[in-house]
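A short write-up of the structure that comes next.
Predicted model, so just to flag it, every value in this text is computed and none were measured.
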Amino acid sequence: MKSLLLALLTVLPASTALAADPEVPYPTGYRHWHHVKSMVIEQGHPLFEAFGGIHHLYANAAALEGYQAGKFPDGAVIVFDLLEAQRADSAVTEGARKVVGVMHKDAQKYAATGGWGFEGFAGGDPTKRTVGADAATACYACHAPEKDHDYVFSRPRD
């Protein structure tokens, strides 16, 4: 019985820490940051169901340093702005915002996910979090193969 109680006491602090994952802040004013790149994911792409549409990536000043150095400092924020792709009259234009995805670097706060906090805000609404405590499986698992690039897929354009 004593060993069972001791085992429970060692597990409880870990589970409490996991339940209290720090929230990633909404990136106010991100559209005024540096535009890293844009892309369109169309039907037929393996990620279309989750990420189909027009993507714009923005980086704050700290993230720009990270792109140049290959390692991102604490305070770096990368925003993945995903919008519907509207097709009409032989043109593709932006439709409604689907999600604002955020990567926020803080090596200590987000140590369990490569030093990055991940969050998605449905429709760009700061009150509608879509990732929360699922960051390890919803985001980090996909970014893990990019460890050599500090878990970041995007590369800046010249």
4.5 Å side-chain heavy-atom contact, His56 and His35: yes
Inter- and intrachain pairs under side-chain hydrogen bond (donor to acceptor under 3.5 Å, both in side chains), touching residues 103-113, at least two apart: Lys105-Asp150
Candidate pair Glu49 and Gln43, rule side chain to side chain contact (heavy atoms under 4.5 Å, CB included), full reasoning: CA-CA 8 Å; Glu49 288 302 315; Gln43 196 159 5; 5.6 Å; no
Heavy-atom donor-acceptor pair, Asp134 side chain to Thr137 backbone, under 3.5 Å: no
Hydrophobic cluster identity match, Met39 and Ile78, side-chain contacts under 4.5 Å: yes
Side chain to side chain contact (heavy atoms under 4.5 Å, CB included) evaluation trace for Asp81 with Arg31: CA-CA 9 Å; Asp81 193 10; Arg31 293 206 30 148; 4.0 Å; yes
Cluster overlap Leu47 with Met103, hydrophobic side-chain contacts below 4.5 Å: yes
Minimum heavy-atom distance Ala138-Val131, with the two atoms named: CB-CG1, 4.4 Å
Minimum heavy-atom distance Phe72-Ala63, with the two atoms named: CE2-O, 3.2 Å
Pairs touching residues 138-158 that satisfy ring pair (Phe, Tyr, Trp, His ring centres under 6.0 Å), sequence neighbours left out: Phe118-His143, Tyr140-Tyr151, His143-Phe153
Considering all heavy atoms, the nearest Gly75-Asn60 contact: O-ND2, 2.9 Å
Side chains of Glu65 and Pro73 in contact at under 4.5 Å (non-hydrogen atoms): yes
Aromatic ring pairing Tyr26/Tyr30, orientation class (parallel under 30°, perpendicular over 60°, tilted between): perpendicular
Connected via hydrophobic side-chain network under 4.5 Å: Leu82 and Leu57: yes
Closest contact, heavy atoms only, Val102 versus Pro25: CG1-O, 4.3 Å
Test item: Val100 and Val79 side chains (from C-beta on) under 4.5 Å apart, heavy atoms: yes
Donor-acceptor contact present, side-chain His32 to main-chain Thr28, <3.5 Å: no
Single-linkage hydrophobic cluster, 4.5 Å side-chain cutoff, Val36 and Val152 together: yes
Heavy-atom check, side chain of Glu23 versus side chain of Glu119, under 4.5 Å: no
Contact summary for Ser154 and Lys37, nearest pair of heavy atoms: CB-CD, 4.3 Å
Test log, rule side chain to side chain contact (heavy atoms under 4.5 Å, CB included), inputs Gln86 and Glu84: CA-CA 6 Å; Gln86 303 279 323; Glu84 291 177 355; 3.3 Å; yes
Distance in Å, Arg97 CZ paired with Leu83 CG, rounded so as to fall on 0.5 Å steps: 5.0 Å
Pair Arg155 + Glu146, salt bridge at N-O below 4.0 Å: yes
Within the 6.0 Å centroid threshold, strictly below: Tyr58 and Phe80: no
Close side-chain approach of Trp33 to Val77, heavy-atom, < 4.5 Å: yes
Approximate separation, where rounding is to 0.5 Å, of Ile41 CD1 and His55 NE2: 3.5 Å
